[in-house]
Participant: 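Please see the structure below; I have some questions.
Whatever order the structure lists them in is the order used to number ligands and atoms, beginning at 1.
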Amino acid sequence: DGLPLVKYCGCWLLVMLFRPIIAAQNHFKAKDTDIILTTMPKSGTTWLKALTFSIANRNVFPIDQSPLLTSNPHMLVPFLELNIYKEQDNPDLETIPSPRIFSTHMHFKMLPDSIRETDCRIIYICRNPLDQLVSHIHFSSQNNFGKDADPVAIDEAFDMFCQGINSFGPFWDHVLGYWNAHLENPGKVLFLKYEDLKEDITSQVKKIAEFMGFPFSLEEEEQGMIDQISGLCSFESLSNLTVNKRGDINGILKNSSFFRKGQVGDWTNYLTPAMAERIKKLMDSKFEGSGLMFNT
Ligand code: A3P
């Protein structure tokens with residue numbers, strides 16, 4: 001982002017998020033019914049928020065009256081480290097009806113203990129590193145991060161990414177942390193890929209709903225509920241809503257900056273084949289033996 005980073009527990013964090021993250025670690029008390037969405041930035045967080053909110057609330061709001069039509073997904077599903085936690089516990093959290101859904105960019109090992117210790121469920125979504133990097137570079141240029149931020153050239157951002165120095169990097173540590181947690185306890189951690197959602201949203205929405213403990217009944221399936229939710233949460237639908245074209249989050253992040261292209265493979269327009277090769281080789285070595293790979 002061109003913003004100063006600090007290394008904490010082997011992870012690079014934006015300096016401005018350091019204290020809020022510590023506060024979340026110290027104060028967040030997860031409930032068994034909570035759903036925690038975890039992501040590297042620019043990996044499909046906004047999409048996953050819209051989908052999980054819609055799945056959990058499908059009997060509360062009819063799709064054509066969904067709060068998503070008038071609120072940015074980040075307002076409905078807050079970031080643990082951004083919107084809620086400042087320095088102390090926030091009593092309003094207790095009043096949020098179950099299932100409470102939160103998101104965070106924290107690495108698995110940084111999560112507040114109560115998330116690991118309770119029966120709450122974690123849904124992780126990641127994205128191929130080339131698209132994630134390109135998406136992040138655009139995101140940074142679309143938002144004005146103020147006087148502390150230097151504009152970052154693609155070459156420089158790429159080089160730092162390869163060294164693991166990027167917001168919530170290293171990328172491979174973030175992904176592997178959740179991948180291993182998923183392998184250890186698949187009932188606790190669902191592991192999703194952005195590309196799989198793009199390829200077959202219906203089966204992924206079904207999988208997410210089952211994991212959340214809100215499976216679709218046969219009747220709902222016959223009524224087209226899955227298609228309705230997928231349609232509402234699609235890039236085309238959300239990016240065209242007035243609420244997502246205007247306004248901002250906390251006066252810093254433009255709502256529109258969360259909706260750019262929403263495609264797989266846009267990296268080919270920005271990274272050279274040599275750059276792509278370097279990242280692919282890096283991932284091959286980092287993910288060797290893990291069973292994890294990305295389609296680009
Ligand atoms: P691009 O910059 O490649 O377009 P995050 O939500 O984690 O910040 O990630 C943002 C990326 O997800 C952006 O990618 C954005 O366009 C894309 N995105 C946002 N909403 C989406 C949706 N409903 N469906 C698919 N992609 C979406």
Side-chain angles (χ1 to χ4, degrees), residues 1 14 17 36-55 63 66 68-69 71-83 101-106 123-143 145 152 154 157 161 166-169 171 174-175 178 192-202 204-205 208 226-241 243-245 248-250 252-271 276 294-296:
D1 298 300
L14 295 177
L17 291 181
I36 313 290
L37 313 180
T38 55
T39 65
M40 227 13 219
K42 318 327 297 168
S43 300
T45 321
T46 316
W47 195 6
L48 187 60
K49 285 185 179 192
L51 289 168
T52 50
F53 178 86
S54 302
I55 290 168
I63 296 291
S66 169
L68 280 166
L69 297 168
S71 303
N72 175 284
H74 298 283
M75 292 293 122
L76 300 171
V77 178
F79 281 101
L80 279 183
E81 59 267 41
L82 264 190
N83 290 338
I101 311 177
F102 299 107
S103 81
T104 177
H105 291 318
M106 281 183 244
I123 307 182
Y124 184 68
I125 188 164
C126 56
R127 186 178 194 187
N128 81 70
L130 302 162
D131 282 336
Q132 193 268 348
L133 169 62
V134 164
S135 181
H136 207 158
I137 291 169
H138 281 98
F139 183 73
S140 306
S141 69
Q142 279 167 35
N143 287 297
F145 289 118
V152 180
I154 287 198
F161 182 95
N166 53 325
S167 178
F168 291 94
F171 176 91
H174 202 284
V175 179
Y178 285 98
L192 303 171
K193 290 183 185 152
Y194 183 95
E195 293 76 22
D196 292 342
L197 267 67
K198 285 299 279 188
E199 195 176 302
D200 182 359
I201 187 69
T202 306
Q204 298 291 315
V205 166
I208 295 168
I226 300 178
D227 288 347
Q228 286 179 47
I229 289 177
S230 314
L232 171 68
C233 300
S234 68
F235 179 85
E236 291 66 31
S237 148
L238 293 184
S239 63
N240 279 311
L241 295 171
V243 64
N244 294 325
K245 288 183 173 178
D248 54 56
I249 298 171
N250 291 353
I252 304 175
L253 303 171
K254 290 181 191 150
N255 287 346
S256 60
S257 68
F258 288 93
F259 303 92
R260 191 181 61 95
K261 274 196 180 173
Q263 289 171 7
V264 176
D266 187 44
W267 64 267
T268 50
N269 297 314
Y270 299 93
L271 303 179
F294 286 98
N295 295 325
T296 52

Participant: Would you call the rings of His74 and Phe258 parallel, tilted or perpendicular, where under 30° means parallel and over 60° means perpendicular?
Facilitator: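 Plane angle between 30° and 60°, so tilted.
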Participant: Report, in ascending order of atom number, the atoms of ligand 1 lying under 4.0 Å from any heavy atom of Gly262.
Facilitator: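 The list of qualifying atoms is 1 (P), 4 (O), 16 (O), 26 (N).
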Participant: Return the residue, atom name and 0.1 Å-rounded distance of the protein heavy atom closest to atom 7 (O) of ligand 1.
Facilitator: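 For atom 7 (O) of ligand 1, the nearest protein heavy atom is Thr45 OG1, 2.6 Å.
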Participant: Tell me: protein heavy atom nearest atom 15 (C) of ligand 1, and distance?
Facilitator: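 Nearest protein contact, heavy atoms only, for atom 15 (C) of ligand 1 is Phe258 O, 3.3 Å.
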Participant: Checking side-chain polar atoms at under 3.5 Å, does Thr38 have a donor or acceptor matched by the opposite partner on His105?
Facilitator: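 Absent: no donor and acceptor within the cut-off.
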Participant: Can you sort out which atoms of ligand 1 are near Phe259, meaning under 4.0 Å from one of its heavy atoms?
Facilitator: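 Here the atoms of ligand 1 in question are 16 (O), 19 (C), 20 (N).
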Participant: With Tyr194 as reference, evaluate Tyr124, Phe294, Trp47 under the ring pair (Phe, Tyr, Trp, His ring centres under 6.0 Å) test and give the passing residue.
Facilitator: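 The option that passes is Trp47.
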Participant: Do you know the tightest heavy-atom contact between Asp196 and Gln204?
Facilitator: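 Scanning both residues, the minimum pair turns out to be O-CG, 3.7 Å.
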Participant: For ligand 1 and Arg260, I'd like to know whether there is a polar contact (N/O to N/O, distance under 3.5 Å).
Facilitator: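 So ligand 1 has an N or O lying under 3.5 Å from an N or O of Arg260.
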Participant: If we only count N/O pairs under 3.5 Å, is Leu238 in contact with ligand 1?
Facilitator: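 By distance alone, the answer is no.
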Participant: Among all protein heavy atoms, pick out the one at the shortest distance from atom 26 (N) of ligand 1; state its residue, atom name and that distance to 0.1 Å.
Facilitator: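 Looking only at protein heavy atoms, the one closest to atom 26 (N) of ligand 1 is Tyr194 OH, 2.7 Å.
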Participant: Among Lys261, Lys49, Arg127, which one puts a heavy atom closest to atom 3 (O) of ligand 1?
Facilitator: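 Considering heavy atoms of Lys261, Lys49, Arg127, the nearest to atom 3 (O) of ligand 1 sits in Arg127.
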Participant: Would you say Glu199 has more than 12 foreign heavy atoms packed within less than 6.0 Å of its CD?
Facilitator: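 Open: at most 12 neighbouring heavy atoms sit under 6.0 Å from CD of Glu199.
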Participant: Considering residues at least two apart in sequence or located in another chain, which fulfil the side-chain contact (heavy atoms from CB on, under 4.5 Å) criterion with Ser135?
Facilitator: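 Expected list: Lys42, Arg127.
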Participant: Indicate the atoms forming the closest heavy-atom contact of Gly231 with Ser234, along with that distance.
Facilitator: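 Heavy atoms of Gly231 and Ser234 come nearest at O-OG, 2.9 Å.
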Participant: For atom 24 (N) of ligand 1, what is the closest protein heavy atom, and at what distance to 0.1 Å?
Facilitator: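 Nearest neighbour among protein heavy atoms for atom 24 (N) of ligand 1, to 0.1 Å: Trp47 CD2, 3.2 Å.
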Participant: Contact between ligand 1 and His138 is defined here as a heavy atom of the residue under 4.0 Å from a ligand atom; is it met?
Facilitator: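 The answer is no, since His138 has no heavy atom less than 4.0 Å from ligand 1.
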Participant: Looking at Gly44, which atoms of ligand 1 are within less than 4.0 Å of one of its heavy atoms?
Facilitator: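 Under 4.0 Å from Gly44, ligand 1 has these atoms: 5 (P), 6 (O), 7 (O), 9 (O).
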Participant: Please say whether the positively charged group of Lys261, taken as NZ for Lys or CZ for Arg, lies over the ring of Phe235, i.e. under 6.0 angstrom from the six-membered ring centre and within 45 degrees of the axis.
Facilitator: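 Because its charged atom misses either the 6.0 Å distance or the 45° angle limit, Lys261 does not stack over Phe235.
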Participant: List the atom of Pro41, the atom of Ser167, and the distance in Å for their closest heavy-atom pair.
Facilitator: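 Looks like CD-O, 4.0 Å.
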Participant: Checking the N or O distance criterion of under 3.5 Å, is ligand 1 in contact with Ser43?
Facilitator: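 It does: an N or O of Ser43 is found under 3.5 Å from an N or O of ligand 1.
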Participant: Which ligand 1 atoms does Ser234 reach within 4.0 Å, using its non-hydrogen atoms?
Facilitator: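 So the answer, numbered in order with elements, is 23 (N).
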Participant: As a test of understanding, state which of Leu51, Ile63, Leu241 forms a side chain to side chain contact (heavy atoms under 4.5 Å, CB included) with Leu232.
Facilitator: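 Output: one option passes, namely Ile63.
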Participant: Of all the non-hydrogen atoms in the protein, which one sits nearest to atom 13 (C) of ligand 1, and at what distance?
Facilitator: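 The closest heavy atom on the protein side is Ser135 OG, 3.6 Å.
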Participant: Suppose we measure from atom 9 (O) of ligand 1 to each protein heavy atom; which comes out shortest, and what is that distance?
Facilitator: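 For atom 9 (O) of ligand 1, the nearest protein heavy atom comes out as Lys42 CA, 3.2 Å.
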Participant: Give me the nearest non-hydrogen protein atom to atom 6 (O) of ligand 1 as residue plus atom name, then the distance to 0.1 Å.
Facilitator: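 It is Thr46 OG1, 2.5 Å.
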Participant: Of the side chain and backbone of Cys233, name the one, both, or neither that has a heavy atom under 4.0 Å from an atom of ligand 1.
Facilitator: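 For Cys233, only backbone atoms sit under 4.0 Å from ligand 1.
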